[in-house]
*Asks:* 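Once you've had a glance at the structure underneath, I'll fire off some questions.
Positions are given from 1, in the same order as the sequence printed here. Source: prediction; values computed, not measured.
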Amino acid sequence: MTDRSPVSLSDEDIAAVRSWVLHEDEAVIAFNKPAGLSSQGGRIQAHTLDDLLWAFARSNGKRPDLVHRLDRDTSGVILAAKTKPAAGFLGKAIQARRFKKTYLALVSAAPEPASGVIDKPLLRQEIGRESYMRAVAADTPGAQAALSRYRTLSASDDGALVELDPATGRMHQLRVHMASIGRPLAGDARYGGALTFAGRAAPRLMLHAAKLVFPHPAGGYRTVEAPLPEDFEALKAAAGL
C-alpha cells in the first residue's frame with residue numbers, strides 16, 4: 001500500500017514536475033517522465049514521481065494517482081488520474097488492454113527480420129533484492145503470457161532505432177523480449193545491453209515511452225506524445241539514425 005501522507009516538496013521539485021506536464025484536463029494529467037526517476041516507491045530514499053504528484057494536490061487534500069508505471073531508467077509518457085472515478089475508469093481500461101503504448105529504443109544492430117512479433121512467456125525471479133524477468137517455455141509453472149511487436153525505423157553500421165509495442169504489460173517485457181532475439185537495448189546492463197552505442201557511452205537504458213493512446217473518461221480516445229530526451233537524441237544522431 002502506497003503511503004498517502006503528504007510529502008513536503010521544494011520549489012525546485014514543484015517547478016520540475018510542472019515542467020514535465022504534456023497534457024492536463026479535468027480528469028487526467030500526463031507527464032514526460034525523465035530517466036532516473038522512479039515511478040513509485042523503490043528502495044532509494046529519494047522523491048518518486050508519485051511523491052511529486054503532491055504538487056497538484058487540491059484544497060481537499062486529494063491528489064492525482066498514477067495509473068501505470070515506467071521503469072526508473074525509462075523516459076516518456078506516464079499518466080495520472082485526477083479523480084477517483086477517472087482512476088477507476090483508467091484502471092479497468094488497462095486491464096481490458098485498451099491502452100496503446102509505443103516505445104522507441106536503440107539497439108546495436110537491426111533485428112532480423114526487421115519487424116516481427118515476439119510471443120514468449122515471462123517468469124519473474126528474485127535474485128537477492130532485485131527482480132528479474134526471463135523468457136521461458138509456455139509450460140513453465142508461474143509463466144505469464146507476453147506479446148510484443150517490434151519494427152525497425154532506421155539502421156546504420158552503428159545501430160538501429162526500433163519502435164516497440166507491448167500488447168501485454170509485463171515487468172521489463174520489452175527489455176527481455178528484445179534480449180531474447182539477440183537485440184538487448186543499449187545501456188540495459190541487467191539484460192545484456194552494451195554500455196556504449198555508436199562509440200559513445202550509453203549512460204542508461206535507451207528506452208523511451210514516445211506515445212500513449214488511451215480511452216478518456218469523458219469519452220473517445222486521447223493521444224499524448226513525448227519528445228525524445230537529449231541523451232537519447234544525441235546517441236541516435238551519433239549513429240546517423
*Asks:* Using side-chain heavy atoms (C-beta onward) and a distance below 4.5 Å, is Val77 in contact with Leu22?
*Replies:*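 Yes, their side chains come closer than 4.5 Å.
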
*Asks:* Would you compute the distance between atom CG of Leu122 and atom CE of Met133 and round it to the nearest 0.5 angstrom?
*Replies:*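 Here the rounded value is 5.0 Å.
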
*Asks:* If you look at every heavy atom in Gly76 and Ala226, which pair is closest and at what distance?
*Replies:* CA-CB, 4.2 Å

*Asks:* How many angstroms lie between atom CZ of Arg72 and atom OG of Ser38, to the nearest 0.5 angstrom?
*Replies:* 5.5 Å

*Asks:* When clusters are formed by joining ILVMFWY residues with side-chain heavy atoms under 4.5 Å apart, either directly or through shared neighbours, do Phe214 and Ile29 land in the same one?
*Replies:* no

*Asks:* Test your reading of the model: is there a side-chain donor-acceptor pair from Gln144 to the backbone of Pro121, 3.5 Å cut-off?
*Replies:* no

*Asks:* Is there a donor-acceptor pair closer than 3.5 Å between any side-chain N or O of Asp188 and the backbone N or O of Leu185?
*Replies:*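 The answer is no, because no donor-acceptor pair under 3.5 Å joins these two groups.
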
*Asks:* For Val136, what are the other residues in its hydrophobic cluster, where any two members join if their side-chain heavy atoms are less than 4.5 angstrom apart?
*Replies:*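 Members alongside Val136: Leu123.
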
*Asks:* Which heavy atom of Asn60 sits nearest a heavy atom of Lys62, and at what distance?
*Replies:*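 Result for this residue pair: OD1-N, 2.9 Å.
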
*Asks:* Closest heavy-atom contact between Phe197 and Ala186?
*Replies:* CD1-CB, 3.9 Å

*Asks:* So, are Glu225 and Lys211 salt-bridged, with charged N and O less than 4.0 Å apart?
*Replies:* no

*Asks:* Between Lys82 and Ala86, is there a donor-acceptor pair closer than 3.5 Å when you use the side chain of the first and the backbone of the second?
*Replies:*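 Side chain of Lys82 to backbone of Ala86: no pair is present.
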
*Asks:* Answer yes or no: is there a side-chain heavy-atom contact under 4.5 Å between Val176 and Gln173?
*Replies:*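 Result no, sub-4.5 Å side-chain heavy-atom pair not found.
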
*Asks:* Compare every heavy atom of Thr74 with every heavy atom of Ala209, then report the nearest pair and how far apart it is.
*Replies:* N-CG2, 4.3 Å

*Asks:* Compare every heavy atom of Leu235 with every heavy atom of Arg200, then report the nearest pair and how far apart it is.
*Replies:* CB-CD2, 3.7 Å

*Asks:* Taking salt bridge (Lys or Arg N to Asp or Glu O under 4.0 Å) as the definition, give me every residue that meets it alongside Glu126, ordered by chain and number, with sequence neighbours left out.
*Replies:*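 Salt bridge (Lys or Arg N to Asp or Glu O under 4.0 Å) list for Glu126, sorted by chain: Arg124.
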
*Asks:* Test of understanding: clusters of I, L, V, M, F, W, Y form through side-chain heavy atoms closer than 4.5 Å, transitively. Do Ile78 and Leu53 belong to the same one?
*Replies:* yes

*Asks:* How about Phe232 and Arg204: do any of their side-chain heavy atoms sit closer than 4.5 Å?
*Replies:*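 Yes, their side chains come closer than 4.5 Å.
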
*Asks:* Between Ile14 and Leu52, is there shared hydrophobic-cluster membership here, with clusters defined by ILVMFWY side-chain heavy atoms closer than 4.5 Å?
*Replies:*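 Yes, one cluster joins them.
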
*Asks:* Under a 3.5 Å cutoff, is there a donor and acceptor pairing between the side chains of Ser131 and Gln125?
*Replies:*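 Side chains of Ser131 and Gln125: no pair found under 3.5 Å.
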
*Asks:* Under 3.5 Å, side chain of Thr48 to main-chain N/O of Asp51, donor-acceptor pair present?
*Replies:*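 Yes.
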
*Asks:* Just by modelled atom types, is the Tyr150 backbone N or O under 3.5 Å from a matching donor or acceptor in the His177 side chain?
*Replies:*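 No, His177 side chain to Tyr150 backbone: no donor-acceptor pair under 3.5 Å.
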
*Asks:* OG/Ser148 to CG/Leu164 distance, rounded to the nearest 0.5 angstrom?
*Replies:*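 Here the interatomic distance stands at 7.5 Å.
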
*Asks:* Do Glu130 and Arg190 meet the salt-bridge criterion of a basic N to acidic O distance under 4.0 Å?
*Replies:*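 Here Arg190 pairs with Glu130 in a salt bridge, since their nearest N and O are under 4.0 Å apart.
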
*Asks:* Which is it for Tyr132 and His172 under the side-chain hydrogen bond (donor to acceptor under 3.5 Å, both in side chains) test, yes or no, and what are the steps along the way?
*Replies:* CA-CA 8 Å; Tyr132 291 78; His172 299 173; over 6 Å; no

*Asks:* Start with the C-alpha gap between Phe56 and Phe31, add the side-chain angles, then the distance that decides, and say whether ring-ring contact (aromatic ring centres under 6.0 Å, His included) holds.
*Replies:* CA-CA 12 Å; Phe56 302 90; Phe31 300 92; 5.6 Å; yes

*Asks:* Quick one: closest heavy-atom pair of Ser180 and Ala135, and the distance?
*Replies:*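 Nearest heavy atoms, Ser180 then Ala135: CB-CB, 4.3 Å.
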
*Asks:* Taking atom CG of Leu79 and atom NE2 of His216, what is their separation to the nearest 0.5 Å?
*Replies:*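 Answer for the CG-NE2 pair, Leu79 versus His216, is 8.5 Å.
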
*Asks:* If you define the side chain from C-beta out and look only at heavy atoms, does anything of Pro34 sit under 4.5 Å from Ser75?
*Replies:* no

*Asks:* Establish whether Leu70 and Val162 are linked, either directly or via other cluster members, by ILVMFWY side-chain heavy-atom contacts under 4.5 Å.
*Replies:*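 Result: yes, single cluster for both.
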
*Asks:* Do any side-chain atoms of residues 96-119 form donor-acceptor pairs under 3.5 angstrom with protein atoms, and if so which ones, sequence neighbours left out?
*Replies:*
from: Arg98; atom 1: NE; to: Tyr221; atom 2: OH; distance (Å): 3.4
from: Lys100; atom 1: NZ; to: Asp165; atom 2: OD2; distance (Å): 3.3

*Asks:* Under a 3.5 Å distance rule, please check whether Arg18 uses its side chain to pair with a backbone N or O of Ala55 as donor and acceptor.
*Replies:* yes

*Asks:* Could you walk me through whether Trp20 and Leu37 satisfy the side-chain contact (heavy atoms from CB on, under 4.5 Å) test, starting with their C-alpha distance in whole Å, then the side-chain angles of each, then the deciding distance to 0.1 Å, before giving a yes or no?
*Replies:* CA-CA 12 Å; Trp20 304 333; Leu37 177 72; 3.6 Å; yes

*Asks:* Starting from Trp54, can I reach Leu49 by hopping between I/L/V/M/F/W/Y residues whose side chains sit under 4.5 Å apart?
*Replies:*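 Yes: a chain of side-chain contacts under 4.5 Å links Leu49 to Trp54.
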
*Asks:* So, using salt bridge (Lys or Arg N to Asp or Glu O under 4.0 Å) as the criterion, who are the partners of Lys236 when residues are at least two apart?
*Replies:*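 Partners of Lys236 under the salt bridge (Lys or Arg N to Asp or Glu O under 4.0 Å) test: Glu233.
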
*Asks:* Taking only residues two or more places apart in sequence, or in another chain, which ones meet Asp71 in a salt bridge (Lys or Arg N to Asp or Glu O under 4.0 Å)?
*Replies:* Arg175

*Asks:* Verify, without hydrogens or angle tests, whether Arg149 (side chain) and Glu163 (backbone) share a donor-acceptor contact under 3.5 angstrom.
*Replies:*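 Between the backbone of Glu163 and the side chain of Arg149 there is no qualifying donor-acceptor contact (under 3.5 Å).
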
*Asks:* In Å and rounded to the nearest 0.5 Å, what is the CG to OG1 distance from Leu241 to Thr152?
*Replies:* 10.5 Å

*Asks:* Measure the spacing between CZ of Arg151 and CG of Leu161 and express it to the nearest 0.5 Å.
*Replies:* 10.0 Å

*Asks:* Are Arg63 and Asp50 side-chain neighbours, meaning at least one heavy-atom pair lies under 4.5 Å?
*Replies:* yes

*Asks:* Go through the structure and list residues passing side chain to side chain donor-acceptor pair (under 3.5 Å) with Lys92, not counting sequence neighbours.
*Replies:* none

